[in-house]
A.B. asks: 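Okay, here's the structure, questions in a sec.
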Amino acid sequence: MSPCVQQPTMMPMSYNAALNHLQSSILHGDPAEAASLVRPKPHLSAEKQLGVYLEGYRLRLVQAVRNDYPCLGHYLGATRMNDLVAAYVEATPSCSYNLDFYPFGFGAFVRQASQDPAAHDLAVLEQAIAEIFMAPDSNPLTAAVFAQLDPETLGSMVFYPRAANRLLRLTHDVERYLAAWKKGEPELTIAPDRIHLCVLRHNNEVQRHRLEPEEYHLLENLAAGQVFGQAIEPPQANHPQDSDLFAAKVMNWLPRWVGEGFFKQSM
Amino acid sequence: MSNPYPDLGFGLGLRAPHYEQVLREKPKVDFFEIISENYIDAHEGYWEYLADLRAHYPMIMHGVSMNIGSADPFNDDYFRKLKKLIDHLQPIWVSDHLCFTGLGGHNTHDLLPIPYVQESLQHVISRIHEAQEKLGRTLVIENPSTYLEFQASDIPEWEFLREVAKATGCGVLLDVNNVYVSSFNHGYDPKQYIDAIPADAIAQIHLAGHLNLGTHIIDTHDNHVIDAVWDLYAYTVANKGLHSTMIEWDDNIPAFNVLLAEINKARDVALRSTTNDDAHVLQRRA
């Protein structure tokens with residue numbers, strides 16, 4: 001179990017030790033660690049009393065993870081999902097006051113613990129959705145503000161992505177699987193297929209946009225802080241024969257990105 | 001000393017399945033209580049929703065992560081965000097629990113019991129002073145449901161809570177269901193608990209359903225308030241007077257009308273249990 005960041009204790013050892021034994025017993029799932037501190041009851045042993053907390057801790061964390069990865073649970077089936085979540089909970093303490101943040105490490109855990117690359121990608125996508133839902137707010141660059149920009153200076157402009165915005169490049173079409181699952185449509189397999197996505201929160205809703213590879217590449221460069229003229233060069237270089245066509249595509253993408261709230265207002 | 005907390009009437013915990021209905025229908029509920037942690041990191045859509053609701057209802061912020069009993073320093077990030085939400089919502093009061101939630105940077109997301117001894121009493125008093133200073137307001141502290149007692153505890157919980165309130169000026173959120181649950185689990189008389197809490201310290205009363213497993217009770221908030229808890233609530237009203245009373249229902253959340261019926265039942269029990277003067281107040285409000 002990886003530790004959280006320790007803070008210096010403020011209390012004499014006796015009180016601190018009592019709390020520490022109780023917490024340790026809960027985190028390790030071992031009532032024996034704290035049983036000697038607990039007053040036995042006529043109908044309930046100290047271990048059983050501690051068991052209420054041990055069980056409650058695991059139930060809460062398991063439920064938090066399952067809530068954020070419902071489609072992965074559907075894909076893996078109950079047994080595999082339960083095993084993975086239980087292993088994550090035993091390996092991962094919560095270090096935040098907010099339980100909503102606890103499941104954010106599950107995507108990386110699935111990558112380590114599962115041999116199924118489609119499950120990895122689905123976990124990455126659902127993790128991004130959960131993180132974007134909780135990401136900080138930022139005002140979007142509006143179409144009205146965008147329309148006032150001087151096209152002559154476009155090449156030197158920087159377009160900053162919204163705080164709640166994540167670009168994903170995946171090797172399986174988990175977006176198609178997720179969309180079908182949400183509609184209640186049968187989608188039995190996840191096809192190997194390179195896909196590019198932008199997951200962002202706009203108008204207080206998490207949205208997923210499928211991107212063309214060059215579109216992803218350009219957005220990735222913009223997210224790295226490159227000015228528009230610099231960001232466009234590498235993807236444009238991939239189309240030496242169709243530079244006009246590519247330029248036309250970019251001029252279509254840009255207002256669409258703005259309309260869909262990809263960028264934040266401060267430029 | 002008079003009670004500084006206004007009697008807001010009969011309220012409900014605001015929960016996600018009822019968001020739209022509450023905003024659309026503005027049901028006859030005297031106040032709403034929110035769980036602070038559900039919103040302090042939430043996006044602005046939630047904050048706008050709460051502000052809309054706040055324009056129509058008194059609101060209380062109830063926390064589960066202040067970690068008052070812990071030996072860790074307070075989490076400054078948590079307090080900063082909590083303060084921001086307080087400034088946004090202007091709740092009637094802000095509450096949390098007599099417990100610890102984690103140590104060494106961990107969070108168990110549970111209301112863990114602390115030993116009730118002189119050392120912890122002084123610690124909790126100093127922590128509540130510190131928290132009140134950070135927030136610039138008096139806190140309200142709730143008695144938790146507990147499933148174990150420390151061998152070392154030599155102060156009854158009700159005395160501990162009373163001393164905390166006396167020393168810090170904090171209010172008491174008297175969870176009557178929690179008193180019942182803990183008294184069952186630890187074998188004491190719940191009325192003794194109620195008797196020990198000064199009426200002028202009580203800011204609010206919580207009621208909820210629980211799960212009785214025979215050997216012990218778990219505070220599940222997933223069902224109707226049971227008759228024995230209604231009786232204890234009646235005893236509380238008869239002996240401590242009327243205080244803002246709220247139904248908590250957090251799991252297997254029913255249709256909103258079921259919750260309305262539950263607060264109407266609370267109102268009826270209070271009406272039957274209260275003094276004549278208070279009964280007039282209730283009848284006018286109904």
Side-chain angles (χ1 to χ4, degrees), chain A residues 1 3-20 22-24 26-27 34 36-44 46 48-53 55-57 60-61 64 93-102 132-137 139 164 201 203-206, chain B residues 36-38 40-49 63-67 69-75 77-78 81-82 100-115 117 119-120 122-123 126-127 145-153 185-187 213-218:
Chain A
M1 180 176 286
C4 298
V5 177
Q6 297 270 335
Q7 300 288 334
T9 181
M10 301 164 60
M11 286 296 296
M13 194 53 198
S14 56
Y15 180 71
N16 188 43
L19 304 194
N20 200 32
L22 174 56
Q23 178 175 278
S24 181
I26 292 167
L27 296 183
S36 65
L37 298 175
V38 175
R39 195 171 288 165
K41 298 285 155 54
H43 304 294
L44 210 60
K48 288 267 170 60
Q49 294 174 60
L50 282 158
V52 176
Y53 291 101
E55 189 179 336
Y57 170 76
R60 266 184 293 280
L61 296 189
S94 176
C95 302
S96 172
Y97 58 83
N98 193 334
L99 188 55
D100 288 334
F101 296 143
Y102 179 72
I132 290 302
F133 185 76
M134 294 298 295
D137 290 305
N139 290 327
R201 196 179 72 237
N203 295 331
N204 299 324
E205 286 183 1
V206 177
Chain B
S36 309
E37 288 77 5
N38 288 351
I40 59 178
D41 291 298
H43 63 68
E44 64 185 11
Y46 285 97
W47 285 47
E48 288 165 6
Y49 171 82
V64 293
S65 295
M66 196 173 282
N67 205 9
S70 178
D72 279 1
F74 277 131
N75 182 328
D77 183 44
Y78 172 80
K81 290 173 176 172
L82 186 66
F100 84 106
T101 54
L103 194 66
H106 292 94
N107 198 312
T108 63
H109 303 287
D110 202 352
L111 310 173
L112 302 180
I114 59 173
V117 294
E119 183 187 5
S120 57
Q122 294 314 312
H123 177 58
S126 112
R127 294 274 281 188
S145 279
T146 57
Y147 312 110
L148 64 80
E149 291 176 302
F150 283 89
Q151 293 266 25
S153 288
N185 289 342
H186 307 314
L213 296 171
T215 53
H216 59 292
I217 295 178
I218 308 224

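Note on naming: letters A, B, ... go to the chains in the order of the sequence lines (proteins, then strands), and numbering restarts at 1 for each one.
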A.B. asks: Assess the residue pair A:Leu44 and B:Tyr147 against the criterion (side chain to side chain contact (heavy atoms under 4.5 Å, CB included)); give the C-alpha distance rounded to whole Å, side-chain angles, the decisive distance to 0.1 Å, and a yes or no.
C.D. replies: CA-CA 10 Å; A:Leu44 210 60; B:Tyr147 312 110; over 6 Å; no
A.B. asks: With heavy-atom distances below 4.5 Å as the criterion, would you say the side chains of A:Lys41 and B:Asn185 are in contact?
C.D. replies: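 Sidechains of B:Asn185 and A:Lys41: no contact.
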A.B. asks: Can you say whether A:Ser36 sits under 4.5 Å from chain B via the side chain, the backbone, both, or neither, judging by heavy atoms?
C.D. replies: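 Backbone of A:Ser36 only, per the 4.5 Å heavy-atom cut-off to chain B.
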A.B. asks: Go through it in stages, so that I can follow the logic: the residues are B:His216 and A:Val52, the test is side chain to side chain contact (heavy atoms under 4.5 Å, CB included), and I'd like the CA-CA distance, side-chain angles, deciding distance and then a yes or no.
C.D. replies: CA-CA 10 Å; B:His216 59 292; A:Val52 176; 3.7 Å; yes
A.B. asks: Enter the distance from A:Tyr97:OH to B:Thr101:OG1 here, rounded to the nearest 0.5 Å.
C.D. replies: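 Answer rounded to 0.5 Å: 12.5 Å.
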A.B. asks: Does B:Glu44 offer a backbone N or O that forms a donor-acceptor pair with the side chain of A:Asp137 under 3.5 Å?
C.D. replies: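 Confirmed, A:Asp137 side chain pairs with B:Glu44 backbone.
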A.B. asks: How close do A:Leu19 and B:Pro115 get, counting heavy atoms only, and between which atoms?
C.D. replies: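 A:Leu19 and B:Pro115 have their closest heavy atoms at CD2-CD, 3.7 Å.
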A.B. asks: Considering only heavy atoms, which portion of B:Ile40 lies under 4.5 Å from any heavy atom of chain A: side chain, backbone, both, or neither?
C.D. replies: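 For B:Ile40, the contact with chain A is made by the side chain alone.
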A.B. asks: How far apart are the C-alpha atoms of B:Thr146 and A:Tyr53, what are their side-chain angles, what is the distance that settles it, and do they pass the side chain to side chain contact (heavy atoms under 4.5 Å, CB included) test?
C.D. replies: CA-CA 9 Å; B:Thr146 57; A:Tyr53 291 101; 3.9 Å; yes
A.B. asks: Using the rule given for side chain to side chain contact (heavy atoms under 4.5 Å, CB included), can you reason through B:Leu112 versus A:Ile26, listing the C-alpha separation, both sets of side-chain angles and the distance that settles it, and then say yes or no?
C.D. replies: CA-CA 10 Å; B:Leu112 302 180; A:Ile26 292 167; 3.6 Å; yes
A.B. asks: Under a 4.5 Å heavy-atom cutoff, which of A:Glu205, A:Gln49, A:His43, A:Gln23 has the most pairs with chain B?
C.D. replies: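 Most pairs with chain B among the choices: A:Gln23.
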A.B. asks: How close do A:Pro40 and B:Gln151 get, heavy atom to heavy atom, and via which atoms?
C.D. replies: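 Result for this residue pair: CD-NE2, 3.6 Å.
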A.B. asks: B:Asp41, B:Asn67, B:Val117: which one forms the most heavy-atom pairs within less than 4.5 Å of chain A?
C.D. replies: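 Most heavy-atom pairs under 4.5 Å with chain A: B:Asp41.
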A.B. asks: Can you name the nearest heavy-atom pair linking B:His109 to A:Ser96, along with the distance?
C.D. replies: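 Smallest interatomic distance, heavy atoms only, reads CE1-O, 3.1 Å.
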A.B. asks: Do the non-hydrogen side-chain atoms of B:Ser65 and A:Leu99 ever get within less than 4.5 Å of each other?
C.D. replies: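 No, side chains not in contact.
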A.B. asks: Under 3.5 Å, side chain of A:Arg201 to main-chain N/O of B:His43, donor-acceptor pair present?
C.D. replies: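 Checking the backbone N and O of B:His43 against the side chain of A:Arg201, no donor-acceptor pair under 3.5 Å is found.
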A.B. asks: Heavy atoms only, distances under 4.5 angstrom: which of B:Ile114, B:Ile218, B:Asn75, B:Asn38 has the most pairs with chain A? Name it, please.
C.D. replies: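 Highest number of pairs under 4.5 Å: B:Ile114.
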A.B. asks: Is chain B contacted by the side chain of A:Phe101, its backbone, both, or neither, given a heavy-atom distance below 4.5 Å?
C.D. replies: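 For A:Phe101, the side chain is the part near chain B, not the backbone.
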A.B. asks: Between B:Phe100 and chain A, with a heavy-atom cut-off of 4.5 Å, which part of the residue counts as in contact: side chain, backbone, both or neither?
C.D. replies: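 Only the side chain of B:Phe100 comes within 4.5 Å of chain A.
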A.B. asks: Taking all non-hydrogen atoms of both residues into account, name the closest pair between A:Tyr15 and B:His123 and its distance.
C.D. replies: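 Closest approach of A:Tyr15 to B:His123, heavy atoms only: CE2-CD2, 3.6 Å.
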A.B. asks: So does B:Lys81 have more than 12 non-hydrogen atoms from other groups sitting under 6.0 Å from NZ?
C.D. replies: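 It does: B:Lys81 NZ has more than 12 such atoms within range.
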A.B. asks: Out of curiosity, B:His106 NE2 to A:Ser94 OG, how far, rounded to the nearest 0.5 Å?
C.D. replies: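 Atom-to-atom, B:His106:NE2 and A:Ser94:OG are 9.0 Å apart.
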A.B. asks: Which value, rounded to the nearest 0.5 Å, describes the distance between B:Ser36 atom OG and A:Asn98 atom CG?
C.D. replies: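 CG of A:Asn98 is found 11.5 Å from OG of B:Ser36.
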A.B. asks: Between A:Leu50 and chain B, with a heavy-atom cut-off of 4.5 Å, which part of the residue counts as in contact: side chain, backbone, both or neither?
C.D. replies: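 Both parts, backbone and side chain.
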A.B. asks: Locate the shortest heavy-atom distance separating B:Glu119 from A:Ser14; write the atom from each residue and the value.
C.D. replies: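 Smallest heavy-atom distance, with atoms named: OE1-OG, 2.7 Å.
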A.B. asks: How close do A:Arg60 and B:Thr108 get, counting heavy atoms only, and between which atoms?
C.D. replies: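 That closest heavy-atom pairing would be NE-O, 4.0 Å.
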A.B. asks: Sort B:Leu111 into side chain, backbone, both or neither according to what part of it lies under 4.5 angstrom from a heavy atom of chain A.
C.D. replies: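 Backbone of B:Leu111 only, per the 4.5 Å heavy-atom cut-off to chain A.
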A.B. asks: Can you tell me how far apart OG (B:Ser70) and CG (A:Asn16) are? Round to the nearest 0.5 Å.
C.D. replies: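 Going from OG on B:Ser70 over to CG on A:Asn16, the span is 8.0 Å.
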